[in-house]
There are 2 protein chains.
Amino acid sequence: MDINDLSKDLAPIISNTMADVVEVKLREYLKKKSFKPGDALPKELELAEALGVSRNVLREALSRLRMLGMIESKKKRGMVLARPDILGAFERVLDPLIIDKNTLQDIFELRLVLEMGLAELLYINKTNKDIAELESIAKKEVNNDNSFRIKNEIAFHGKLYEMSGNDTLKRFQIMLLPIFDYVVTLEKKPTRGLVDHLGLVEILKNGTVEDFKKGMQAHLQPHFDRLK
Amino acid sequence: MDINDLSKDLAPIISNTMADVVEVKLREYLKKKSFKPGDALPKELELAEALGVSRNVLREALSRLRMLGMIESKKKRGMVLARPDILGAFERVLDPLIIDKNTLQDIFELRLVLEMGLAELLYINKTNKDIAELESIAKKEVNNDNSFRIKNEIAFHGKLYEMSGNDTLKRFQIMLLPIFDYVVTLEKKPTRGLVDHLGLVEILKNGTVEDFKKGMQAHLQPHFDRLK
DNA sequence: TTTAGTCTTTATGTAGTACATATCAAATGT
DNA sequence: ACATTTGATATGTACTACATAAAGACTAAA
C-alpha cells in the first residue's frame with residue numbers, strides 16, 4: 001500500500017476554526033427556527049454572546065452566509081434572511097485552471113448529458129419564433145473564421161437551453177461554458193458530428209422528439225467516442 | 001405605473017461592503033498571478049496593507065474563500081491555494097424551504113433532463129455486476145410499504161447515476177434529492193410510468209441505447225405530463 | 001393637520017491592538 | 001548524530017473604539 005492509498009484512507013485532520021463551527025450553527029439555527037425570507041435576525045452582539053464567540057468570529061461566519069446570499073444586512077435595520085442565489089456560489093469556484101482533471105472531465109460529461117436530455121423540455125416549450133432565431137444563428141456560421149465559429153457554436157447551443165424555458169438550466173449552461181471550452185480545446189482536432197446545426201433546426205421544424213434525440217446524439221457523437 | 005413596475009426598473013442600491021470588494025480583488029489576484037494549488041499566499045498583514053483595509057475585513061473575505069475550499073491555512077505555514085470542492089458551495093444553499101417556487105421547478109426539471117440524458121454514459125460504462133445490483137434493488141420494491149418504496153426509488157435512481165461512472169454527477173444527484181423529493185410530495189398523487197424499474201433493468205440487459213431512452217421516457221412520462 | 005427639517009438612537013461596517021496557539025527552524029545539550 | 005528546548009512567526013480569537021447609515025422621535029413652518 002503506497003502513500004497515496006494511505007492519504008485516501010486517512011483524511012488530514014482539518015482543525016475546524018470557530019468560524020467554521022459558527023457557520024454551521026447559524027445554518028442549523030436558521031433551519032430549526034424555520035426562518036422565512038424577509039424575517040429579521042437577532043443582532044450581531046446578541047448572536048455572538050449567545051454563541052460565546054467574539055463579534056469578529058461571528059462576522060466571519062455571517063460574511064460567508066452573506067456571500068451565498070442567504071442573509072442581507074443594512075446599517076440600522078439589522079439582518080434579514082434572503083433567498084440565496086443557488087448558482088452564485090457555484091459560479092465562484094468554477095475556474096478550469098484550479099479544477100482537477102477528473103472533475104473537469106466529469107463536468108464535460110455532465111454537459112453532454114444535459115444536451116442529450118434537453119429534447120423533452122424543448123419540444124414542450126418551443127415556439128416558431130424561437131426556431132426562426134435558432135435557424136438564423138445556424139445559417140450565420142457557414143464559411144467563417146474559427147473564432148467566429150466558436151462564438152456561433154456557443155450562441156446556438158445557448159439558444160437551445162434558452163428554449164427549454166428553464167432559466168436555471170440556462171444560467172447553469174452559461175457557467176459551464178468555460179469548462180466545456182477548455183476541455184474541447186485540449187483535444188485539438190475540431191469535432192464534427194454527422195448532423196450539423198442546420199440539421200437540428202430542420203428536425204425541430206418537422207421532426208419528432210425521437211428524431212431530435214437521434215439528431216443530437218449524432219451531433220455530439222465525436223465527443224462520446226472520445227469517452228470510450 | 002404602479003410601485004411594482006417601479007421596483008423592477010429601479011433595482012435597489014446594494015452598498016458593497018469592503019469585504020465584498022476584497023473578495024473579488026483576491027479572486028482576481030489569484031487568477032492574474034495564475035496560482036496553482038499548493039502555492040503559498042502572502043501573509044494576511046501584507047495582503048491587508050496592500051489592499052488598504054484592516055486585517056478584519058481581509059479575514060472576512062478570506063473566510064469566504066476558505067469556505068469554498070479555495071484556500072487553506074495553517075497556523076504558522078501561512079495560506080495556500082487549494083482545489084475547491086465545486087459542489088460544496090452549491091450544497092450549502094440547497095434547502096427546499098428557502099428556494100423560491102420557480103427555481104424549485106427549474107431544478108426539478110433539471111433532474112429530469114439529467115435522467116433522460118444519462119443513457120449514453122450508462123451504455124458506455126455499464127457492467128454486468130452493476131446491472132445485477134440494479135436488478136436486486138428493483139426486485140426488492142414490490143409489495144412494500146410506502147416509505148420503503150421511496151427509499152428504494154432513491155436507491156434505484158441513485159444506482160443509475162453511479163453506473164454512469166461520473167462521481168460529480170452522482171454527488172450532484174444526491175444533492176438534488178431533497179429538492180426532487182419536495183416537489184414530488186407537493187403533488188400528492190403517486191406517479192407511475194408505463195415502464196417500471198424492472199422494465200428498465202430488462203432493457204439494460206438486452207435492449208439498445210435507443211430502447212433505454214424510450215423506456216426512461218415512458219418511466220418519467222407522468223412528470224413530463226405535469227409540465228405542459 | 002400636514003410637511004419639512006433636525007436630532008437622537010442604534011445596528012452594522014471598519015480599524016486597530018493585544019494576546020493565544022500552533023508550528024517551523026535554529027540553538028542547545030546529550 | 002540525535003533528542004530537546006527555545007524563540008520566531010503567521011494564523012486564530014477577543015476586545016475596544018469609532019464611522020456610517022437609517023429608523024424614529026421631535027420640532028418648526030406652511
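Each chain gets a letter, A, B and so on, in the order its sequence line appears, and its residues count up from 1. Keep in mind that this is a model prediction, so the values were computed, not measured.
- Here the closest heavy-atom approach between residue B:Ile71 and residue B:Arg66 is recorded as O-CG, 3.6 Å.
- Annotation: proximity of residues 34-47 of chain B to DNA chain D (heavy atom, distance under 4.0 Å) is found for B:Lys43, B:Glu44, numbered in ascending order.
- Residues A:Asn125 and A:Asp130 share a closest heavy-atom pair of O-OD2, 4.4 Å.
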Are any protein N/O atoms closer than 3.5 Å to N/O atoms in nucleotides 15-24 of chain D? If there are, list each pair with its distance.
residue: D:dC15; atom: N4; partner: A:Asn56; partner atom: ND2; Å: 2.9

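- Residue A:Leu62 contributes atom CG, which lies 15 Å from atom C1' of C:dT14 at whole-angstrom precision.
- Rounded to whole angstrom, the span from the CD atom of A:Glu49 across to the P atom of C:dA11 amounts to 13 Å.
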Fill in: salt bridge (Lys or Arg N to Asp or Glu O under 4.0 Å) assessment of A:Arg92 paired with B:Glu23
CA-CA 10 Å; A:Arg92 285 181 154 81; B:Glu23 185 208 332; 2.7 Å; yes
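- Side-chain atoms of A:Arg64 come within 3.5 Å of backbone atoms of B:Ser63 as a donor-acceptor pair (strictly under, hydrogens ignored).
- Under the 30°/60° scheme for interplanar angles, the aromatic rings of A:Phe90 and B:Phe172 are found to be tilted.
- Listed pair B:Ser73 / D:dG12 meets the phosphate criterion, a side-chain N or O lying under 4.0 Å from OP1 or OP2.
- A cation-pi arrangement is present between B:Lys126 and B:Tyr123, with the terminal nitrogen or guanidinium carbon under 6.0 Å from the aromatic centre and inside a 45° cone about the axis.
- Distance A:Asn16 CG to C:dA22 P: 14 Å, rounded to the nearest Å.
- Taking only side-chain nitrogens and oxygens, B:Arg59 never comes nearer than 4.0 Å to OP1 or OP2 of D:dA14.
- When the ring pair (Phe, Tyr, Trp, His ring centres under 6.0 Å) test is applied to A:Phe108, the partners found at least two apart in sequence or on another chain are A:Phe180, A:His223.
- In this structure, the separation between CG on A:Leu134 and CG on A:Leu200 is 8.0 Å, given to the nearest 0.5 Å.
- If you measure from atom CE of A:Met18 to atom C1' of C:dA20, you get 12 Å, rounded to the nearest angstrom.
- Regarding A:Leu58, its CG atom lies at a distance of 13 Å from the P atom of D:dT13, rounded to whole Å.
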